[in-house]
Amino acid sequence: MLKIENLVATVGEGEDAKEIIKGLTLDVPAGEVHAIMGPNGAGKSTLSYVLTGRDGYEVTGGSAELNGADILDMEPEERAAKGLFLSFQYPVEIPGVPVMTFVRTALNAQRKLRGEEEVSAAEFLKKSRAVAAKLKLTPEMLKRPVNVGFSGGEKKRLEIFQMMMLEPKFLILDETDSGLDIDALKTVSDGVNELRDPERGMLVITHYQRLLDHIQPDKVHVLANGRIITSGGPELALRLEKEGYDGVLSEAV
Amino acid sequence: MAALKDLFKNPTAAELQLTERFAGLPENPQRTRNFEAFAKTGLPHRRVEAWKYSDLRNALKELPAELSADAPASAFSGLGGVSEIHLTDGQVKLPKGLKLVSDENVSALGGAEDIPVAALSAALASNRQALLIDVTESPDAPLHIVFDAKTASAFERISFRIREGVSLDVFETHTRAGGFSNVVIEYSLEKGAALSRHMYQAANVDAVQLICAIVHLEAEAKLEQSCLGFGAKLCRNETRVFHRGEGASANMNAAYLVGDGFHNDLTSLVRHSKGGCDTEQLVKGAIMDGGRAVFQGKFYVAKNAQKTAAEMSHNALILENGGEVNAKPELEIYADDVECAHGNTVGALDDDALFYIRQRGVPAKEARALLTEAFIAEALEAVPNAQREIMKDEARSWLTARL
């Protein structure tokens with residue numbers, strides 16, 4: 001599914017370019033959920049931006065493939081059409097563009113890039129109603145501009161809404177638990193768990209173990225200083241929670 | 001003719017041609033007064049303060065001989081539910097509630113000296129291109145006034161007198177295939193009258209297009225105005241609003257999209273002469289490389305116009321390097337108990353938002369179009385649905401063709 005090998009990437013341009021990802025190797029097979037944990041500044045968010053192709057991040061070495069296709073040379077929208085979805089740590093406001101218009105535009109744009117037919121208005125409406133109900137999003141919220149005036153929890157639910165509507169093949173969840181209270185965390189996690197599928201892979205980036213109580217990973221990786229320094233099962237997350245990053249980091253050196 | 005020529009200091013070729021046209025019209029003291037008002041300034045140029053960003057004299061060296069072949073299409077023609085009137089038609093058919101007082105409107109143009117090009121239009125608009133209309137009853141359907149004169153030079157004038165308590169809904173389309181057009185429109189609203197005026201302007205890159213509206217609001221009268229404009233070689237769309245009675249209000253918005261080689265000038269002056277009047281103005285636009293947008297907005301508040309509430313904001317997006325925006329917001333306030341503000345921003349599209357949209361699968365070009373359309377659409381919210389949808393379609397196809 002997602003195969004990253006010896007990835008090296010910099011942030012910034014010219015003389016200001018700074019290496020943040022320093023030889024990262026990771027393999028997430030279809031059907032599995034992997035968690036990446038790590039201290040602040042380890043390169044967690046950078047990894048998600050490098051994989052999705054944000055401007056300002058440059059890959060200087062290594063490779064990343066999704067289902068055998070090299071994604072690093074693709075435009076962000078092509079990666080999305082291939083099935084890569086990033087749930088943003090801080091979802092962005094899109095003033096003037098209502099949620100429904102936005103998601104339908106995105107869905108049809110992806111379909112077009114894949115050479116598929118557009119979704120019919122009726123089909124789209126039916127599905128969006130069902131998904132919105134599950135996520136406790138009201139029809140009024142879906143008429144509002146994307147993320148404008150939404151609370152932290154609503155924004156994250158809206159990310160899950162988009163995920164369920166777009167049905168990507170591979171999900172990257174960047175600090176999805178930040179800004180969520182217990183109830184919202186449960187709604188969001190339920191949504192993510194519903195998307196678990198033998199054909200779908202997930203990478204859950206998080207600071208805290210808390211989210212992993214709800215979204216149970218098959219594997220946990222610790223990212224520090226631009227590399228995966230250790231990997232293990234779900235018990236590794238519990239150990240990190242108990243001992244902090246310092247213990248694991250000193251062991252790895 | 002010789003005497004007329006002498007009204008100008010060093011007349012240009014275009015000014016001489018305009019003088020000739022005037023000399024060919026039947027004599028009339030009002031006409032002469034208007035022409036003399038024009039001649040004082042002549043075709044305004046950079047050194048005339050109100051025209052410093054829009055050099056009309058330079059853009060109109062001589063009167064064009066003919067129109068271009070490809071007229072901009074109007075998606076609004078034949079739109080149902082409106083009464084369409086064309087000034088070029090032999091006989092203007094007006095809906096119930098509207099009465100043609102004169103089709104040779106030579107009434108006085110107030111403040112003609114300050115608005116030389118409007119004075120020119122009033123001097124040269126003649127038979128059937130100069131209408132004076134009385135609005136005595138609110139018509140059933142909105143009025144669609146089509147300004148698309150098929151002559152290389154066109155001078156048109158329409159004046160509406162909207163009687164007490166009467167409402168008039170107008171949709172104006174100003175489309176030109178090159179040439180020179182100069183339109184002056186007057187709306188005089190009596191006490192408690194209401195005008196909803198929405199406009200669409202599009203022209204070829206070689207057109208010189210001038211639109212000047214003068215709106216008088218008596219007590220409690222209401223103006224609701226908006227416009228989508230694409231500019232021309234030089235397009236100036238000017239609105240002058242006079243709050244002449246207490247409690248009048250004006251809400252005037254505009255959106256613009258200016259491409260390579262186009263120039264779009266939105267100028268407005270709102271004079272608050274009586275107390276308790278409101279003005280709200282929102283102007284939003286976007287420009288491409290080689291495009292130039294001008295926004296000049298002025299609020300004047302007289303000493304006795306206490307409790308005036310006026311807010312002006314202009315926000316421009318520069319979509320490509322090389323686009324130019326000249327903004328001149330002005331407040332001139334002599335009263336001490338007022339709430340007046342203006343804001344002005346010029347910026348680029350938000351990179352975070354662009355990436356977010358692209359991450360969801362929308363190609364860069366469409367993402368930029370989507371954001372820009374949403375940005376300007378805020379200024380078009382008051383336009384009636386049918387026309388607004390067409391405007392948004394026009395904006396979208398314009399953007400997708402260029403981004």
Side-chain angles (χ1 to χ4, degrees), chain A residues 48-49 51-57 71 74-99 101-114 116 119 145-148 155 158-159 161-163 165-169 171-172 174, chain B residues 226 228 253-257 282-286 313 315-317 319-321 343 345 347-383 385 388-389 391-393 395-397 399-400 403:
Chain A
S48 67
Y49 289 145
L51 291 175
T52 49
R54 189 176 186 141
D55 281 347
Y57 296 82
I71 56 168
M74 293 181 189
E75 296 293 336
E77 55 270 25
E78 293 173 305
R79 301 182 201 204
K82 286 272 179 224
L84 192 61
F85 182 99
L86 170 64
S87 171
F88 285 66
Q89 181 179 4
Y90 303 109
V92 183
E93 294 186 0
I94 317 285
V97 184
V99 173
T101 311
F102 178 66
V103 179
R104 205 171 146 209
T105 305
L107 183 59
N108 284 331
Q110 287 199 13
R111 287 185 169 221
K112 197 171 157 196
L113 285 170
R114 290 195 292 259
E116 298 167 9
V119 63
V146 179
N147 291 321
V148 178
K155 285 181 184 171
L158 193 57
E159 294 289 284
F161 174 77
Q162 296 177 54
M163 222 182 258
M165 292 301 295
L166 298 172
E167 298 182 334
K169 292 201 173 83
L171 309 179
I172 303 171
D174 188 4
Chain B
S226 46
L228 172 64
N253 300 337
Y256 60 80
L257 292 169
L282 174 68
V283 177
K284 297 189 96 171
S313 91
N315 309 109
L317 272 180
L319 294 173
E320 291 178 318
N321 287 335
T345 63
L349 285 174
D350 178 8
D351 284 336
D352 289 343
L354 270 177
F355 176 65
Y356 186 85
I357 299 172
R358 293 180 71 189
Q359 207 301 304
R360 296 300 184 246
V362 181
K365 187 174 144 165
E366 283 173 50
R368 290 162 67 83
L370 186 70
L371 279 177
T372 310
E373 187 198 319
F375 179 81
I376 64 156
E378 194 193 347
L380 300 173
E381 276 169 12
V383 179
N385 276 337
R388 190 179 62 238
E389 284 313 308
M391 284 184 177
K392 283 165 84 171
D393 287 346
R396 193 173 311 138
S397 50
L399 286 162
T400 2
L403 285 171

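By convention in this document, chain letters (A, B, ...) are assigned in the order of the sequence lines, proteins followed by strands, and residues within each chain are numbered from 1.
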Among all residues two or more places apart in sequence or in another chain, which pass the side chain to side chain donor-acceptor pair (under 3.5 Å) test with Gln110(A)? Arg114(A)

Heavy-atom pair with the smallest gap, counting every atom of [X] and [Y]:
{"X": "Val92(A)", "Y": "Asp350(B)", "value": "CG1-OD2, 4.3 Å"}
{"X": "Arg360(B)", "Y": "Ala106(A)", "value": "O-CB, 3.3 Å"}
{"X": "Ala109(A)", "Y": "Gly361(B)", "value": "CB-O, 3.3 Å"}

Under 4.5 Å from any heavy atom of chain B - which part of [X]:
{"X": "Tyr90(A)", "result": "neither"}
{"X": "Val146(A)", "result": "side chain"}
{"X": "Arg54(A)", "result": "both"}

Counting only heavy atoms closer than 4.5 Å, note whether [X] contacts chain A via side chain, backbone, both or neither.
{"X": "Glu378(B)", "answer": "neither"}
{"X": "Ala364(B)", "answer": "both"}
{"X": "Ala377(B)", "answer": "neither"}
{"X": "Leu354(B)", "answer": "neither"}
{"X": "Leu370(B)", "answer": "both"}

Could you go through the side chain to side chain contact (heavy atoms under 4.5 Å, CB included) check for Tyr356(B) and Asn147(A) one step at a time? CA-CA 11 Å; Tyr356(B) 186 85; Asn147(A) 291 321; 3.5 Å; yes

Is it the case that over 12 heavy atoms from other parts of the model lie below 6.0 angstrom from the NZ atom of Lys82(A)? no

Please check if atom CG in Asp393(B) has more than 12 non-hydrogen atoms from other residues, nucleotides or ligands closer than 6.0 Å. yes

Could you go through the salt bridge (Lys or Arg N to Asp or Glu O under 4.0 Å) check for Glu78(A) and Arg358(B) one step at a time? CA-CA 9 Å; Glu78(A) 293 173 305; Arg358(B) 293 180 71 189; over 6 Å; no

Okay, side chain of Gln359(B), backbone of Leu86(A): is any donor-acceptor separation there less than 3.5 Å? yes

In terms of heavy-atom pairs under 4.5 Å, which option from Lys112(A), Glu75(A), Gln162(A), Arg111(A) contacts chain B the most? Gln162(A)

For a 4.5 angstrom cut-off between non-hydrogen side-chain atoms, does Thr52(A) reach Phe355(B)? yes

With rounding to the nearest 0.5 Å, note down the distance linking CD1 in Ile94(A) to CD1 in Ile357(B). 4.0 Å

